[in-house]
Amino acid sequence: MNESGHLRVLLADDQPLLRMGFRLILEGEDGLEVVGEASDGADAVRQVGRLDPDVVLMDVRMPTLDGIEATRAITSSGARARIIILTTFDLDEYAFAGLQAGASAFLLKDVAPAELVQAVRVVASGDAVVAPRVTQRLLETYVRGAGPEAAPPAPAPRDPLLDDLTPRETEMLEAMSEGLSNAEIAHRYFLSEATVKTHVRRILTKLHLRDRVQAVVYAYETGLVTPSNPDY
């Protein structure tokens, strides 16, 4: 966010018309500013380092360096930018790979303008997962090889970091993995939203995770949550 309080967005897609459409949508909204465009993943990585955006809209299929590797490079560099993967299908292995690489959410390319704007604001805040139910479906389908015809996955070794969580924090992590929002978690456990936010921040700190969606991926990959029904 710059001095004027605007959220800074970088567009990374090899299709100029799509970048133009996203730019027109985002710059028509108060508080959003498109600070740059990249036509491939390598350029996106360079521009993140130069422009320090708050959010990157990242296509998965680009020349030179694809969106997955670009996402991995950006998140591993310590950049504060949060990344939204752009994909064509909701149950897309590339979208899942993007989440594993450190993306905070994914969106379909035909997303409605209002949903695009909301997604950018939500991801920038770090307080929620975009389309949590769809994210859950994606995780249940792809994580640890789960699928309609897959054999039951072998139990994952327990991560010692989980022992640092309190029983309440473990409950919060499991609820997050169900795709529940802070408000829904607060309602379930008779807590205030402020208290839930505090628990979420502590969970992310203890597990060394960037945001909520990374916590959900972590919960599935470590076996804390077991894929149940891929056709959810």
Side-chain angles (χ1 to χ4, degrees), residues 7-27 32-113 115-124 126 128-132 134-139 141-143 209-218 220-221:
L7 290 176
R8 298 162 53 82
V9 183
L10 174 69
L11 306 177
D13 196 293
D14 62 344
Q15 299 179 45
L17 286 177
L18 193 64
R19 297 199 307 269
M20 180 185 298
F22 283 163
R23 177 183 281 274
L24 290 172
I25 292 169
L26 295 173
E27 292 195 333
L32 297 181
E33 177 185 2
V34 176
V35 295
E37 298 184 18
S39 60
D40 62 64
D43 191 26
V45 174
R46 287 191 296 268
Q47 291 205 47
V48 166
R50 183 169 60 86
L51 299 172
D52 190 30
D54 299 292
V55 176
V56 181
L57 291 179
M58 180 80 75
D59 186 22
V60 290
R61 298 171 181 85
M62 291 186 292
T64 310
L65 189 70
D66 67 33
I68 307 306
E69 291 306 315
T71 295
R72 186 172 288 112
I74 290 168
T75 56
S76 64
S77 74
R80 66 185 186 85
R82 297 182 185 274
I83 298 171
I84 299 176
I85 290 290
L86 298 171
T87 186
T88 306
F89 306 105
D90 58 358
L91 292 182
D92 188 335
E93 63 182 306
Y94 291 100
F96 173 63
L99 297 182
Q100 284 187 309
S104 296
F106 74 97
L107 286 177
L108 299 181
K109 284 192 171 185
D110 62 356
V111 62
E115 293 179 12
L116 173 66
V117 171
Q118 176 66 7
V120 169
R121 297 190 192 281
V122 165
V123 166
V129 175
V130 176
V134 178
T135 302
Q136 184 188 22
R137 287 182 63 213
L138 185 80
L139 290 167
T141 300
Y142 288 107
V143 78
L209 301 169
R210 283 167 58 89
D211 54 31
R212 289 174 64 104
V213 79
Q214 295 307 304
V216 176
V217 172
Y218 172 91
Y220 276 84
E221 291 190 320

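If you read the sequence from its start, that first residue is 1, and numbering goes on from there. Only a predicted model underlies this, so the values are computations on that prediction, with no experimental measurement involved.
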| Do you know which of R82, R80, R121 makes salt bridge (Lys or Arg N to Asp or Glu O under 4.0 Å) with D54? | R80
| Just by distance, do the side chain of R72 and the backbone of A101 share a donor-acceptor pair under 3.5 Å? | no
| task | Would you confirm whether Q100, through its side chain, and Q214, through its main-chain N or O, come within 3.5 Å as a donor-acceptor pair? | result | no
Distance from [X] atom [atom1] to [Y] atom [atom2], nearest 0.5 Å?
X	Y	atom1	atom2	answer
I74	L10	CD1	CG	7.5 Å
I25	L116	CD1	CG	5.5 Å
D40	L65	CG	CG	7.5 Å

Are [X] and [Y] side-chain neighbours, meaning at least one heavy-atom pair lies under 4.5 Å?
X	Y	result
V45	E69	no
I84	S104	no
I85	L99	no
T87	L108	yes
L7	V55	no
M62	D43	no
V60	D66	no
F22	V9	no

Considering all heavy atoms of both residues, which atom of [X] and which atom of [Y] are nearest to each other, and what is their separation?
X	Y	value
P53	Q47	CD-O, 4.4 Å
R61	D59	O-OD2, 3.0 Å
R210	A79	NH1-O, 3.3 Å

| field | Criterion side chain to side chain contact (heavy atoms under 4.5 Å, CB included) on V34 and R19, from CA distance to verdict | value | CA-CA 10 Å; V34 176; R19 297 199 307 269; over 6 Å; no
| field | For R23, the option from L18, L11, L57 that meets side-chain contact (heavy atoms from CB on, under 4.5 Å) | value | L11
